[in-house]
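Note that this is a predicted model, so its numbers are computed, not measured. For ligands, and for the atoms within them, numbers begin at 1 and follow the listed sequence.
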Amino acid sequence: MKFTGKAKLYGVLGYPVEHSLSPAIHNAALAATDLDGVYIPLPTPPDKLAEVMTGLRALDFVGVNVTIPHKVAVIEHLDAVDQRAREIGAVNTVVFREGRAVGYNTDADGFALSLEQTGVDLGKIHTAVLLGAGGAARAVAFGLGRRGVGKIIIAARRPEQTMELVDSSACCGLELEPCAWDALEAVLPQADLFINCTPMGMSSHGPGEFGIDWTLLKAGAVVCDLIYSPPKTAFLAAAEEAGHKIVNGQGMLVEQGALAFELWNEREAPRAVMATAFRRAAYGE
Ligand code: NAP
């Protein structure tokens with residue numbers, strides 16, 4: 001790894017941020033491309049966000065990733081926001097260039113591209129059903145909508161959150177269909193793609209069991225979970241058992257990072273290196 005006194009500075013801004021895998025992924029990418037730079041965790045309590053953003057400009061950072069809880073709050077500290085990030089209403093990547101801080105969102109394309117990389121042809125997906133209506137569901141819905149997925153159904157346990165997502169997306173030209181949490185069984189037979197966008201099933205959230213009747217899903221439907229730790233959630237294990245192709249959140253994490261790398265450095269990201277660094281950091285492989 002090249003790391004001199006002239007090293008370019010990158011980081012991830014969140015709170016807490018100690019569990020982030022981004023430093024491992026991005027430092028591996030910097031080393032593989034022989035860039036003189038370093039990517040560091042930037043633990044930023046919410047009441048320090050403004051000061052930290054001023055400090056990053058003063059230190060001439062090239063760019064940062066932004067994670068929970070700052071993806072929305074960071075917007076008011078930027079000079080400009082890319083149209084796609086504005087539509088999604090959240091920024092996960094900031095580029096500092098020529099004295100300006102510009103916000104982007106690479107989660108939406110990161111999800112869609114990661115699916116395509118596993119061989120899923122989004123052109124053939126007619127209907128997607130999403131569980132959850134938080135920030136990740138919103139990015140996934142935009143990623144799919146932009147690639148022409150015709151029908152995107154949102155099922156979340158709080159109807160007001162579902163409607164907030166549906167209404168705010170409609171303002172940006174994305175038509176989503178709401179579904180009551182207890183009416184999921186009625187829409188499942190339509191799904192070509194079924195995606196868990198909730199934290200249910202994360203190592204820190206217990207096993208995660210939604211009580212899905214897997215016999216309702218079409219035989220060829222693809223089932224995704226945005227979670228990558230554990231690599232196979234109970235949701236994915238049950239889907240696989242029922243015969244479905246399954247995709248976890250690893251590809252999305254690596255791809256959103258690769259897209260951020262390309263925005264900062266204006267060169268192709270070493271995706272294979274980043275994926276290997278992810279697996280080493282996440283699973284000890
Ligand atoms: P979020 O904004 O907090 O939204 C979470 C959604 O899940 C909300 O609709 C929430 O509803 C719902 N939910 C939470 N617990 C639930 C439960 N027990 N049963 C049913 N619904 C439940 O979180 P997020 O940022 O969207 O993240 C969601 C998941 O995606 C997390 O696991 C995160 O790690 C993952 N993610 C992965 C990537 C990646 O690159 N692979 C990127 C982003 C996010 P309530 O508000 O009612 O709780």
Side-chain angles (χ1 to χ4, degrees), residues 12 14-17 19-22 24-26 65-74 85 88-93 104-115 117-118 129-144 153-166 168-169 176 178-184 194-212 224-236 246-261 271 274-275 277-279 281-283:
V12 53
Y15 197 73
V17 81
H19 301 301
S20 174
L21 301 175
S22 293
I25 296 171
H26 281 285
N65 286 128
V66 182
T67 187
I68 291 170
H70 301 310
K71 286 188 181 187
V72 176
V74 75
I88 296 167
V91 160
N92 78 330
T93 302
Y104 296 85
N105 188 305
T106 66
D107 282 333
D109 285 340
F111 174 74
L113 287 168
S114 74
L115 265 191
Q117 286 159 7
T118 68
V129 174
L130 277 56
L131 296 177
R138 191 178 173 88
V140 165
F142 270 87
L144 295 176
I153 300 172
I154 308 290
R157 62 182 172 179
R158 284 186 297 120
E160 67 276 16
Q161 190 190 35
T162 307
M163 288 319 298
E164 205 275 317
L165 174 55
V166 169
S168 59
S169 302
L176 306 178
C179 168
W181 189 247
D182 55 9
L184 187 61
F194 182 33
I195 312 163
N196 177 29
C197 303
T198 83
M200 275 279 282
M202 279 172 81
S203 303
S204 52
H205 281 62
E209 189 41 74
F210 291 102
I212 306 291
C224 310
D225 202 322
L226 303 193
I227 294 168
Y228 49 77
S229 180
K232 198 187 287 177
T233 55
F235 179 76
L236 288 185
I246 59 168
V247 181
N248 73 10
Q250 166 185 337
M252 178 180 179
L253 186 80
V254 172
E255 189 56 39
Q256 63 77 28
L259 294 172
F261 180 98
R271 285 172 169 73
M274 295 172 90
F278 165 87
R279 284 194 299 274
Y283 311 137

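Looking at R138 and S168, their side chains do bring a donor and an acceptor atom within 3.5 Å of each other.
Just one residue in the list D107, N105, V74 forms a side-chain contact (heavy atoms from CB on, under 4.5 Å) with V91, and that residue is V74.
Atom CG of L115 and atom CD1 of I195 lie 6.5 Å apart (nearest 0.5 Å). Note: C224 SG to L131 CG = 11.0 Å, rounded to the nearest 0.5 Å. Within the model, atoms CG of L236 and CG of D225 stand 4.5 Å from one another, a figure rounded to the nearest 0.5 Å. To the nearest 0.5 Å, the span separating CD1 on I246 from CZ on F235 amounts to 10.5 Å. Rounding to the nearest 0.5 Å places CZ of F194 at 5.0 Å from CG of L184. Atoms CG and OG1, from N92 and T106 in turn, are 3.5 Å apart once rounded to the nearest 0.5 Å.
Distances below 4.0 Å separate heavy atoms of A133 from the following atoms of ligand 1: 9 (O). Taking a cut-off of under 4.0 Å to the non-hydrogen atoms of G135, the atoms of ligand 1 that pass are 2 (O), 26 (O). Contact atoms of ligand 1 toward G132: 9 (O) (distance under 4.0 Å to a heavy atom of the residue). Per-residue contacts place W181 under 4.0 angstrom from the following atoms of ligand 1 (heavy atoms of the residue considered): 20 (C).
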Pairs of donor and acceptor atoms involving the side chains of residues 248-255, under 3.5 Å and at least two apart or interchain, shall be tabulated with distances.
unit_1 : atom_1 : unit_2 : atom_2 : d
N248   : OD1    : Q250   : N      : 3.0
N248   : ND2    : P231   : O      : 2.9
E255   : OE1    : Q117   : NE2    : 2.8
E255   : OE1    : R271   : NE     : 2.9
E255   : OE2    : R271   : NE     : 3.3
E255   : OE2    : R271   : NH2    : 2.9

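Counting heavy atoms closer than 4.0 Å to ligand 1, residue L253 contributes atoms from both its backbone and its side chain. Counting heavy atoms closer than 4.0 Å to ligand 1, residue R158 contributes side-chain atoms (C-beta onward) but none from N, CA, C or O. Within the 4.0 Å heavy-atom criterion, the part of C197 lying near ligand 1 is the backbone and not the side chain. With a heavy-atom cut-off of 4.0 Å, Q250 does not touch ligand 1 at all. With a heavy-atom cut-off of 4.0 Å, Q161 touches ligand 1 through its side chain alone. Counting heavy atoms under 4.0 Å from ligand 1, residue F111 does not touch it at all.
Proximity annotation for atom 19 (N) of ligand 1: of E160, Q256, M252, R157, R157 comes nearest, heavy atoms only. The residue among L226, I154, I68 with a heavy atom at the shortest distance from atom 35 (C) of ligand 1 is L226. Nearest-residue assignment for atom 18 (N) of ligand 1 (options M202, M200, E255; heavy-atom criterion): M200.
Among the atoms of A136, some N or O lies under 3.5 angstrom from an N or O of ligand 1.
For I227, the closest heavy-atom approach to ligand 1 falls below 4.0 Å.
Between Y228 and F278, the ring planes lie perpendicular to each other; the angle is over 60°, past the 30° to 60° tilted range.
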